[in-house]
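In what follows, residues are counted from 1 in the order of the sequence shown. Ligands are counted one by one from 1 in listed order, and the atoms in each one are counted from 1 as well.
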Amino acid sequence: MSYENIIVRNENNVAVVNLNRPKSLNALNSDMVAELGKAFDELTGDAQVKVIIITGEKNFAAGADITNMVELTPEEAYDFAFSPIYNKIANCPKPVIAAIEGFALGGAMELALCCDLRIATPTAKIGFPEITLGIFPGAGGTQRLPRLIGAAQAKKLIYTGAIIRGEAAYALGLVDTLAENPLKEATTLAEDLAAKPPVALKLAKECINAADDVDLNTGVAFEATNWARLFATSDQKEGMRAFIEKRKPTFVGK
Ligand code: HXC
C-alpha cells in the first residue's frame, strides 16, 4: 500500500515506518495518524514482518499539527484524539521500536511511548510542550509517561513543557538506548529480534503490557497462562531441543 504522509519499507523481516511531512517537521495530522493505523494493520498481518521501527528523517516529529487543532470545539477535539490508533500500536503483537533524532515533541513523543523501546541521539530534543499551547498531552501521555518514569518526573515534564536532550531523557528512563545513529541501532536490534521466536515475543509483550493494568497476583496468573501456551508451539520444542543437541535453534513462528 502507498501512503502520502508516511513511507513504509520492509527489509530482512524488519519494517521501517518513516513519518514524512518534513516541511512541518513531520507534525502529525489526522491523515498521517490514519495512515499509521492502516500501516500497522497491514504490517501486523504480514508474516514476513517480524519487527517494526517508527522513525523520521532528521526529526522524529514536532507533535500533533497545531494548525489542525486551533479552532476545534470540544466535541471535535474528542474525535481528533489519536488514542484509538495509538492503542493499536501499543498493542501490536510484534516488537515496535522508536528511533528518534531531532525533535520528538508532544503527540510524537506520545507515539514513541506506545513503542516497546525508544532509541535516541544524545542531542535529540524531547518533551511535552502542550502546556504552552493551553492544553496537555492528550494521546495517552498523561497515562503512559508516569507509568514509565514515575508521577513526579512526568508531572515535571508535563507541567513545565520543558524540552530536554536525549541524554537527559535517557537518565529519566524515557529513552532506553542512546546512539549517534538511532535508526542503524534500531535496525541491528530489530534484526536480532526478528530471529527470535515470535509467539514467545508476542506473549511476553502481552504479559509486560498487562503489568501496567492489573494487580500483581492477576498479572502473575496471566503470565502462567501465557507461559503454558508456549508449550503448544513448535518453537518451544525447537528452542529446548537445540539447546540439548548443542546447535543453534531455527524458529518458524508456530
Ligand atoms: C504544525 C509545525 C509544528 C506543529 C513545527 N511546525 N511544529 N506545524 N504543528 N506541531 C512547522 C512550523 O510552523 C514551520 O512551518 C516548520 O514546521 C518549521 O518549524 P519552525 O518553528 O520554523 O522551526 P524551529 O524554529 O526550528 O522550531 C522548531 C520547534 C517549533 C521548536 C519544534 O516548530 C515548535 O515549537 N513547534 C511546536 C511544537 C509543539 O508545541 N508540539 C506539541 C503540539 S500539541 P513554516 O510554514 O512556518 O515553515 C500535541 C498534542 C498531542 O502534540 C495530542 C493529540 C491528540
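At a cut-off of 3.5 Å, with distance as the only test, no side-chain donor of Thr44 or Asp41 sits close to an acceptor on the other residue. Between Glu206 and Asn226, the side chains place a donor N or O and an acceptor N or O closer than 3.5 Å (distance only, hydrogens not considered). Donor-acceptor pairing under 3.5 Å is recorded for the side chains of Asp65 and Thr67.
In this structure, CE on Met69 lies 10.5 Å from CG on Asn29, to the nearest 0.5 angstrom.
When Lys254, Lys248, Arg247, Lys196 are each tested for a salt bridge (Lys or Arg N to Asp or Glu O under 4.0 Å) with Glu238, only one passes: Arg247.
For Phe80, the ring pair (Phe, Tyr, Trp, His ring centres under 6.0 Å) partners are Phe82, not counting sequence neighbours.
Within 4.0 Å of ligand 1, contacts by protein heavy atoms are made from Lys23, Ser24, Leu25, Ala27, Ala62, Gly63, Ala64, Asp65, Ile66, Met69, Phe82, Phe103, Leu105, Gly106, Gly107, Glu110, Pro129, Glu130, Leu133, Gly138.
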